[in-house]
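The structure presented is a predicted model; accordingly, all values stated were derived computationally and were not measured. Letters A, B, ... mirror the listed sequences (proteins, then strands); counts begin at 1.
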Protein chains: 2
Amino acid sequence: MAIPRAARTQRRTRIQEEKEEQILEAALDVFSVSGFRGSTIDQIAEVAGMSKPNLLYYFRTKEAMHRALIDRVLFTWLEPLRAFNAEGNPESEIRGYIRRKLEMARDFPRESRLFANEVLQGAPHIEDELKGPLKELVDEKARVIRAWAKAGKIVKCDPYHLIFSIWSTTQHYADFDVQVRAVLGQGHSGEGRFEDAARFLEQLFVDGLSVRAKQPVS
Amino acid sequence: MAIPRAARTQRRTRIQEEKEEQILEAALDVFSVSGFRGSTIDQIAEVAGMSKPNLLYYFRTKEAMHRALIDRVLFTWLEPLRAFNAEGNPESEIRGYIRRKLEMARDFPRESRLFANEVLQGAPHIEDELKGPLKELVDEKARVIRAWAKAGKIVKCDPYHLIFSIWSTTQHYADFDVQVRAVLGQGHSGEGRFEDAARFLEQLFVDGLSVRAKQPVS
DNA sequence: TGTAATGTTTACCAGTCGGTCAAATTATCC
DNA sequence: GGATAATTTGACCGACTGGTAAACATTACA
């Protein structure tokens, strides 16, 4: 008799690895576009190229598939923030964070949209992750930023809103891609838009928009 | 015999006004949370406090309801950008735009999420609006910003990405509200977070993060 | 007040949804 | 190569989906 996936305590077979991989890949395609409610198992099955009952052999419910996907993607997604380093130079750390986040928006737009969809719809499946691991990580980095401000290495500002603004500006290019392309039109909607965005955001976050002499504080 | 709404050529009755209002209000509630695919007519009917066939008497399809809602909300939604004025002082115009967008995120979060859901899912129902009216409006304002830069009233920067960054940072507080609350925790998730955000964003967009002497250009 | 137009509801439909089951097929390992 | 476990499938289920038909109720207006 078949042993449903959830009951496995032994190590996984090669087929299990491969099929679960295949399913989660397809699930990312579908969930990232339509959100949890708007996606159907049939859609995912079709994208994955297997039958619906076969999907349900590996993940017993739609919920379980979503859960597994979130778990898998969340760790990677927070990598750039984790790399944010207190020892480094504030300006280059912030620059680097923006650049890495922008690269993720360019290279992993589906992952970005998966979370965007989820959070937008009230985060019913990831509330715990937001209030737990995410909050703790942000709290830690907020302390770093606050210390920089206190030491005069950076202007005094609210570290939480600083992080929010980096998240929003960078993820915008993944989540609102259609809008960005529509507004930029044929001319600038090629891959060059990420270069332009990077240039603009670095300028914004470092210097702001005011015209003023670049003169280091005494 | 009843005349379905779509066929009306005469002016609307009082009941039509009221019921359509009631329905669109409920539809905004539902669509803004679950997106088009994820929402059901039954949900909307329940929120509106009327029977499903009664909804369908006023809007013949789910699609028509969504369309009517988008049309109604889009105009208002672009108001702040339309108010952006070439004659004004660049710094205060930008400040004002940020403030107005932030007020909209605070006062009309459902409208923000409605669009966010739609764009996130590939904008299948509003592609024309994005490529038409929206693009034209942004093009116009981009020219204004570029003129400011050329006149030295503002730093040289890509006007499109400037507008994107204002959109994303402000709308973030509506679209990702759950995340913002989760990260800020009990302490700062009250209404005060909008004040904090406004303060931070004005600082960011005007001065950036670098520590440097505030010295107007000669 | 009567009546025609407008508005509302109950019952219903065909298609889709998430998920089950048992039978059939394939891989594994002695 | 055969027994056993793992994998895959087609048929199916009840609940829900968007939408319809027609009877019933209410309103507007002469």
Side-chain angles (χ1 to χ4, degrees), chain A residues 1-27 29-31 33-69 121 124-125, chain B residues 1-27 29-31 33-69 121 124-125:
Chain A
M1 198 227 296
I3 296 172
R5 180 180 175 282
R8 94 182 122 76
T9 48
Q10 319 276 344
R11 73 171 183 282
R12 292 146 77 201
T13 63
R14 180 183 45 84
I15 291 184
Q16 274 171 17
E17 300 277 4
E18 285 176 9
K19 290 295 164 104
E20 289 179 12
E21 178 64 31
Q22 216 178 110
I23 293 169
L24 290 180
E25 170 68 20
D29 255 24
V30 176
F31 282 136
V33 168
S34 306
F36 183 77
R37 278 225 60 193
S39 303
T40 72
I41 300 183
D42 293 86
Q43 281 175 53
I44 299 172
E46 194 182 335
V47 174
M50 44 206 294
S51 67
K52 180 166 65 169
N54 204 1
L55 283 209
L56 290 163
Y57 172 75
Y58 291 101
F59 299 93
R60 290 192 310 187
T61 63
K62 180 178 159 185
E63 187 111 17
M65 262 171 49
H66 192 255
R67 177 75 287 137
L69 187 57
Q121 309 193 355
H125 306 92
Chain B
M1 201 228 296
I3 296 171
R5 181 181 175 282
R8 92 182 124 76
T9 48
Q10 320 273 345
R11 73 169 183 282
R12 293 144 78 202
T13 64
R14 181 183 45 85
I15 291 185
Q16 273 172 15
E17 297 281 2
E18 286 176 11
K19 290 295 163 102
E20 287 178 13
E21 178 63 30
Q22 215 178 112
I23 292 169
L24 290 179
E25 170 68 22
D29 255 25
V30 176
F31 281 135
V33 168
S34 305
F36 184 78
R37 278 224 61 196
S39 302
T40 72
I41 301 183
D42 293 87
Q43 281 175 51
I44 299 172
E46 195 184 332
V47 173
M50 42 207 293
S51 68
K52 180 168 63 170
N54 203 1
L55 282 209
L56 290 163
Y57 172 74
Y58 292 100
F59 299 93
R60 290 193 309 187
T61 62
K62 181 179 159 183
E63 188 109 16
M65 261 171 52
H66 192 254
R67 172 86 276 144
L69 188 56
Q121 309 193 355
H125 307 91

### Task
Answer with base, sugar-phosphate or nothing: what part of the nucleic acid does A/T40 contact at a heavy-atom distance below 4.0 Å?
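Sugar-phosphate: the residue A/T40, judged by heavy atoms under 4.0 Å, touches backbone atoms but no base.
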### Query
Is A/K19 touching bases, backbone alone, or none of the nucleic acid, heavy atoms closer than 4.0 Å?
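The residue A/K19 makes sugar-phosphate contact but no base contact.
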### Query
Considering only C/dG18, D/dT9, D/dG19, which nucleotide approaches the side chain of A/S51 most closely?
D/dT9
### Query
Can you tell which of C/dA11, C/dG19, C/dT20 lies closest to the side chain of A/P53?
C/dT20
What is the separation between atom [atom1] on [X] and atom [atom2] on [N], rounded to the nearest whole Å?
X	N	atom1	atom2	value
A/K52	C/dG19	NZ	C1'	7 Å
A/R37	D/dC16	CZ	P	11 Å
A/N54	D/dA6	CG	P	15 Å
A/E63	C/dG18	CD	P	12 Å
A/E20	D/dA6	CD	P	14 Å
B/D42	D/dA15	CG	C1'	12 Å
B/L56	C/dC13	CG	P	18 Å
A/Y57	D/dT9	OH	C1'	13 Å

### pair A/F31-A/Q43: side-chain heavy atoms closer than 4.5 Å
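With C-beta onward as the side chain, the pair stays apart.
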### Query
Under 4.5 Å between any side-chain heavy atoms of B/Y58 and B/M50, yes or no?
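With C-beta onward as the side chain, the pair touches.
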### Query
Parallel, tilted or perpendicular for B/H125 and B/F36, by the 30°/60° rule?
tilted
### Query
Are any of A/Y58's side-chain N or O atoms less than 4.0 Å away from OP1 or OP2 of D/dT8?
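Checking D/dT8 against A/Y58, a side-chain N or O does come within under 4.0 Å of OP1 or OP2.
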### Query
Under 4.0 Å between a side-chain N or O of A/Q16 and OP1 or OP2 of D/dT7?
yes
### Task
Measure from the side-chain N and O atoms of B/K62 to the backbone N and O of B/S39, and report whether any donor-acceptor pair falls under 3.5 Å.
yes
### Query
Taking atom CG of B/L56 and atom CE of B/M65, what is their separation to the nearest 0.5 Å?
8.0 Å
